[in-house]
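Only one structure is covered here, and it is reproduced in the block below.
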Amino acid sequence: MEERFLSRNFDIPNAHTLAVFEKHGGYQALKRAVTMDGDSIINEVKKSNLRGRGGAGFPCGIKWSFLPKESDVPKYLVINADEGEPGTFKDRYLMELDPHRHIEGCIIAAWALGIRYGYIFVRGEMQHAIRRLEAAVKEAYAKGYLGKNILGKGFDFDLYVHPGGGAYICGEETGLIEGLEGKSGQPRMKPPFPAVVGLFQAPTIVNNVETISAIPFIIEHGGEWFAAMGVEKNGGPKLYGVSGPIKRPGVYEARSGITVRELLEEYGGGMLDGHELKAFIPGGSSCAVLTPDKLDAVMGFETMREAGSSLGTGCVTFMDTNTCMVRVAARLAAFYHHESCGQCTPCREGTGWATKVLDAIEAGRGRPEDLDLLLDMCSNIEGNTICALGDSIAIPVRSYIQVFRSEFDAHIKQGCCPYPAWTKKRLRSSVAA
Amino acid sequence: MALAFSEKAEVHFKDLVSRYPNTLAALLPALHLAQSEFGWISVEVMDYVARRLELHPTKVLTVATFYSMYNMQPVGKCHVQVCTTLTCALRGGYEILEHLEEVLGVRVGETSADGNYTLSEVECLASCGTAPMFQATFSDGEIEYFENLSAERVDTILADLNKRIATLPNPAEMH
Ligand SMILES: Cc1cc2nc3c(=O)[nH]c(=O)nc-3n(C[C@H](O)[C@H](O)[C@H](O)COP(=O)(O)O)c2cc1C
Ligand code: SF4
Ligand code: FES
């Protein structure tokens, strides 16, 4: 196993408490950061090649440099802890097991960027993570790491934990900002980007939990060190998830640039006995599906694009040869339909229609022309919506049809699903409203 | 009787409001607090929250109905929500749901006659590495995840839950 950073405290008892965190070197990076000026910190983050860990992979240092230096109103830091992308389960561990590291990252970001207030928007269901973060914030205030005149530097920063109400769309950064403002989580048109007009109309940086949890290590070891722990343009150690019918599902830390095969075999222990790999999704359900011949693809943003998909959140879902790809597509379409915020017609109507057509094919009522209809729907949704949720259904649905066309054809020809069902009874096949 | 937060909730409410530059931003956490106080989000509860935050009641209605965690109808003392999204489905999530239907004697979306359990499906809760799973939400506002489930483990968990909910109030009778 490689040396661990992000997950270094996961096995240490009570590392979520300030005393244990500090005993293991916690808040040293902050003490160092306050001896540096903001520009030097942003520069280190740029050099580190830290790419946003929320799915889109935007270079963190560049995002930070978009935030106006001078502002008449207080600037905000918003942490995207809404982790809702199906197949993704890494941020939860950072919040539950190492909350102070995350808070330390928030304070360093605030110092570097001249930010006055921060909110960690945690999905409301994650009560355990919320309690751990709240307790850690309280300890950090008591120790003078948060609040007024932090470390005697005349720097004030207040940080709050905010629970969401339960809506996948609040993971989209402008939906999240709307949710944080107390409204329905309906994404905003971009531009303007949050760095210019964000929370409460003020300049705002939105970052994923893992992105910010990585910051203390960049301060401690330098941007170049971080960049060296990866491949071109993809720096640093990263948390990966592996799930599905495999031997050791879970969250693992490895360098950026590991291959999917290494993740599956060395970390995930390989497929469960008697199960054979059929397909995998590299980083959450919005990514295109890939087949085993792509197992040697490197987990980087560019390399995964070359392989025909995207890195997304880096949490890989594996599927075995018993899995019906029509059912998978139908189930995912139902998810996006359920979670569409309803603002854009192509997304609201298209996700519902695609779900109905896919459900019909799965139930053996499909018609040969349905596949072209679905592909046509995907093209009409993609790129024609306010936020990327529209693309998040179009891209995978198209990929299931293209990669597993013969399976769709077989359903239509035979008038039934050739695979073992997920249940004995006929439960609702989808949760679509 | 007019609704009012308990003393403890009142302290929590004041702290919440102090965290934001306006009262609207406190709405989501205030609705969570109201649900744990009053069991579910009735029109009366929405009116109360609106009054306390100086918002129009329709604003509260729009927001409360947008999100999935606010119960616009009373549910059982324990709301069992089984994840059936992809990874959980691949590892037996639907079988867990089916098993719960049998043991609890309800269908998805229903509440047991004794008012103890409501059973629902829910979308991915970031436990895919420990799938299958369900989330239990209790009438006192506590939420717990139960992971790495099997039918046998569900039976053991339910035996514990039965004891745990014995002393909990029925949301339908909380206001
Ligand atoms: C539909 C949708 C859902 C998203 N869900 C999440 C999420 O749950 N967590 C997250 O960090 N980013 C999510 N994102 C990405 C965010 O919009 C944004 O890119 C991210 O918070 C930026 O942080 P980063 O640059 O540190 O990754 C989502 C995007 C879309 C379009
Ligand atoms: S694409 Fe879908 S989720 Fe995004 S804003 Fe439009 S309707 Fe809402
Ligand atoms: S699919 Fe069930 S928790 Fe993610």
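So you know, we letter chains A, B, ... as the sequences are listed, proteins then strands, and number each from 1.
Within a 6.0 Å radius of CD in B:Glu142, more than 12 heavy atoms belonging to other residues, nucleotides or ligands are found. Counting heavy-atom neighbours within 6.0 Å of B:Glu10 CD, excluding the residue itself, gives a total above 12. For A:Lys247, the NZ atom is densely surrounded, since the number of other residues' heavy atoms within 6.0 Å is greater than 12. Remark: B:Glu54 CD is loosely packed, at most 12 non-hydrogen atoms of other residues, nucleotides or ligands lying under 6.0 Å away.
Heavy-atom minimum distance, B:Glu95 versus A:Thr423: N-CG2, 4.1 Å. The shortest non-hydrogen separation linking B:Ala126 to A:Met126 is CB-CE, 3.6 Å. Looking at every heavy atom in both residues, B:His32 comes nearest to A:Gly165 through NE2-CA, 4.0 Å.
Contact count versus chain B (heavy atoms, under 4.5 Å) is highest, among A:Gly124, A:Gly250, A:Gly84, for A:Gly124. Chain B forms more heavy-atom pairs under 4.5 Å with one residue of A:Lys90, A:Glu339, A:Arg92 than with any other, namely A:Arg92. Comparing A:Glu83, A:Arg123, A:His128 by heavy-atom pairs within less than 4.5 Å of chain B, the highest count is held by A:Arg123. Here A:Pro249 is the residue among A:Pro249, A:Cys170, A:Ala167 with the most heavy-atom pairs under 4.5 Å with chain B. The candidate from A:Gly241, A:Pro74, A:Gly87, A:Gly268 with the greatest count of non-hydrogen atom pairs under 4.5 Å with chain B is A:Gly87. When the candidates B:Ile143, B:Thr62, B:Val63 are compared by the number of heavy-atom contacts under 4.5 Å with chain A, B:Ile143 comes out ahead. When the candidates B:Leu27, B:Thr137, B:Leu16, B:Leu90 are compared by the number of heavy-atom contacts under 4.5 Å with chain A, B:Leu90 comes out ahead.
Heavy atoms closer than 4.5 Å to chain B are found in both the backbone and the side chain of A:Ser184. Residue B:Glu147 touches chain A through its side chain alone, counting heavy-atom pairs closer than 4.5 Å. Neither the backbone nor the side chain of B:Ala131 has a heavy atom closer than 4.5 Å to any heavy atom of chain A. In this structure, chain B has a heavy atom under 4.5 Å from the side chain of A:Ile169, while its backbone stays farther away. Residue contact with chain B, scored on non-hydrogen atoms closer than 4.5 Å, involves the backbone of A:Glu181 exclusively. Using a 4.5 Å cut-off between heavy atoms, A:Tyr117 makes no contact with chain B at all. Neither the backbone nor the side chain of A:Val316 comes within contact range of chain B, judged by heavy atoms closer than 4.5 Å.
Judged by distance alone, with hydrogens and angles left aside, the side-chain atoms of B:Arg19 form a donor-acceptor pair with the main-chain N or O of A:Val161 at under 3.5 Å. The closest donor-acceptor contact from the side chain of A:His162 to the backbone of B:Pro29 lies at 3.5 Å or more, if one exists at all.
Between A:Glu125 and B:Ser68, the closest side-chain pair of non-hydrogen atoms falls below 4.5 Å. A heavy-atom distance below 4.5 Å is found between the side chains of A:Phe89 and B:Cys128. Two residues are said to be in side-chain contact when any heavy atoms from C-beta on lie closer than 4.5 Å; A:Tyr168 and B:Cys124 fail this criterion.
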For this session: Might you work through the side-chain contact (heavy atoms from CB on, under 4.5 Å) test for A:Lys183 and B:Lys59, ending with a clear yes or no?
Result: CA-CA 8 Å; A:Lys183 306 173 194 157; B:Lys59 182 86 216 169; 4.1 Å; yes
For this session: Please test A:Phe200 against B:Tyr20 for ring pair (Phe, Tyr, Trp, His ring centres under 6.0 Å), starting from the C-alpha separation and ending with a verdict.
Result: CA-CA 10 Å; A:Phe200 307 124; B:Tyr20 309 93; 7.2 Å; no
For this session: Decide yes or no on side-chain contact (heavy atoms from CB on, under 4.5 Å) for B:Tyr145 and A:Gln127, but give the supporting numbers first.
Result: CA-CA 9 Å; B:Tyr145 282 16; A:Gln127 200 176 62; over 6 Å; no
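The CZ atom of B:Arg91 sits 14.0 Å away from atom CH2 of A:Trp422, with the distance rounded to the nearest 0.5 Å.
The closest side-chain donor-acceptor pair between B:Thr84 and A:Arg331 falls under 3.5 angstrom.
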